[in-house]
*Asks:* 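Mind looking over this structure? Questions follow.
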Amino acid sequence: KQWYQRRVAITAGIVLAEQIGRDIGCVRCTSCKSAKDRTSMSLTYEYCNILCKQHDFHTEDVPPVLEQFRRDGTRYHNTFKNIGSYKYCFNKLQCKMLPPIYKPPPGTFGDGAQQT
């Protein structure tokens, strides 16, 4: 449980850094090792934060919109271009280890998704 709390704290720090950078007009790049799946989770979460801050979007509306971004948005369509399948390359164990804000919706990931 302690490792999980640490991951959540680190994630909160990343989100805070993103918000501060955006507030002061920094140029920033978000990318994981392969610039695909974890990047998609981070960017879609950030899209929702921008909706809340700049467009008076209510935070209680974030979870369904976040899921919609991850199911039908541009980042989801990139999965097909990357691996030929509409699945993020996460297996069940990886999804379990991800902080809640970075978990893909059920049915959008799977052990069968392979990088090409």
Side-chain angles (χ1 to χ4, degrees):
K1 185 162 179 149
Q2 187 178 19
W3 66 267
Y4 188 78
Q5 290 173 335
R6 185 169 182 264
R7 286 193 124 176
V8 170
I10 290 169
T11 303
I14 291 169
V15 171
L16 179 61
E18 289 172 349
Q19 291 171 346
I20 291 170
R22 196 178 319 97
D23 288 347
I24 62 174
C26 289
V27 174
R28 165 181 77 71
C29 178
T30 299
S31 182
C32 64
K33 183 176 73 171
S34 63
K36 294 189 312 194
D37 305 306
R38 287 171 188 81
T39 301
S40 295
M41 298 303 111
S42 178
L43 290 176
T44 51
Y45 183 72
E46 189 169 358
Y47 298 159
C48 286
N49 283 336
I50 291 168
L51 283 173
C52 289
K53 187 161 186 156
Q54 296 181 1
H55 301 285
D56 298 321
F57 197 74
H58 300 284
T59 55
E60 61 270 5
D61 295 329
V62 166
V65 171
L66 184 58
E67 183 169 326
Q68 195 67 33
F69 278 150
R70 291 175 178 172
R71 282 191 184 280
D72 299 313
T74 306
R75 303 301 304 184
Y76 189 59
H77 293 285
N78 285 352
T79 63
F80 187 80
K81 289 180 182 180
N82 289 333
I83 64 168
S85 173
Y86 286 104
K87 296 274 186 188
Y88 295 108
C89 289
F90 295 117
N91 60 39
K92 290 178 185 177
L93 178 61
Q94 288 172 317
C95 285
K96 244 183 172 175
M97 305 295 271
L98 288 170
I101 63 171
Y102 294 141
K103 289 187 181 193
T108 64
F109 63 93
D111 292 331
Q114 298 290 321
Q115 294 181 348
T116 56

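The chain is numbered in sequence order, starting from 1.
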*Asks:* Checking E67 now: which residues fulfil side chain to side chain donor-acceptor pair (under 3.5 Å) with it, not counting sequence neighbours?
*Replies:*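 For E67 the side chain to side chain donor-acceptor pair (under 3.5 Å) partners, ignoring immediate neighbours, are R71.
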
*Asks:* Could you tell me the separation between the NZ atom of K36 and the CD1 atom of I83, rounded to the nearest 0.5 Å?
*Replies:*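 Taking NZ in K36 and CD1 in I83, the distance rounds to 6.5 Å.
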
*Asks:* Taking only residues two or more places apart in sequence or in another chain, which ones pass ring pair (Phe, Tyr, Trp, His ring centres under 6.0 Å) with Y47?
*Replies:* F69

*Asks:* What's the separation between atom CG in L43 and atom CE in M41, rounded to the nearest 0.5 Å?
*Replies:*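 The distance works out to 9.5 Å.
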
*Asks:* With rounding to the nearest 0.5 angstrom, report the OG to CG distance, S40 to N82.
*Replies:*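 The CG atom of N82 is 8.0 Å from OG of S40, to the nearest 0.5 Å.
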
*Asks:* With a 3.5 Å distance limit and no angle check, can you tell me whether K103 reaches the backbone of M97 through a side-chain donor-acceptor pair?
*Replies:*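 Checked: no pair found.
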
*Asks:* Could you list the residues that satisfy side chain to side chain contact (heavy atoms under 4.5 Å, CB included) with Y86, not counting sequence neighbours?
*Replies:* Y76, H77, T79, F80

*Asks:* Determine the minimum heavy-atom distance between R22 and N49, stating which atoms define it.
*Replies:*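 For R22 versus N49, the nearest heavy atoms are NH2-CB, 4.5 Å.
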
*Asks:* Would you mind listing every side chain to side chain donor-acceptor pair (under 3.5 Å) that reaches into residues 50-66, with sequence neighbours excluded?
*Replies:* D23-K53

*Asks:* Side chain to side chain donor-acceptor pair (under 3.5 Å) with Q68: which residues, sequence neighbours excluded?
*Replies:* D72

*Asks:* So, D37 side chain and C89 main chain: donor-acceptor pair closer than 3.5 Å or not?
*Replies:*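 Confirmed, D37 side chain pairs with C89 backbone.
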
*Asks:* Please output the side-chain donor-acceptor pairs of residues 10-20 that fall under 3.5 Å, not counting sequence neighbours, one pair per line with the distance.
*Replies:*
from	atom 1	to	atom 2	distance (Å)
T11	OG1	R7	O	2.8
E18	OE2	S42	OG	3.4

*Asks:* When T44 is tested against each of L66, V65, T39 for side chain to side chain contact (heavy atoms under 4.5 Å, CB included), which residue passes?
*Replies:*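 When L66, V65, T39 are each tested with T44, the side chain to side chain contact (heavy atoms under 4.5 Å, CB included) holds only for L66.
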
*Asks:* Which residue pairs pass the ring-ring contact (aromatic ring centres under 6.0 Å, His included) test with at least one member in residues 10-39, sequence neighbours excluded?
*Replies:* none

*Asks:* Out of curiosity, T74 OG1 to K81 NZ, how far, rounded to the nearest 0.5 Å?
*Replies:*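 T74 OG1 to K81 NZ: 8.5 Å, rounded to 0.5 Å.
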
*Asks:* Before giving the answer on side-chain contact (heavy atoms from CB on, under 4.5 Å), spell out for Y88 and R70 the whole-Å C-alpha distance, their side-chain angles and the decisive distance to 0.1 Å.
*Replies:* CA-CA 10 Å; Y88 295 108; R70 291 175 178 172; 4.0 Å; yes

*Asks:* Side chain to side chain donor-acceptor pair (under 3.5 Å) with R38: which residues, sequence neighbours excluded?
*Replies:*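 Residues passing side chain to side chain donor-acceptor pair (under 3.5 Å) with R38: none at all.
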
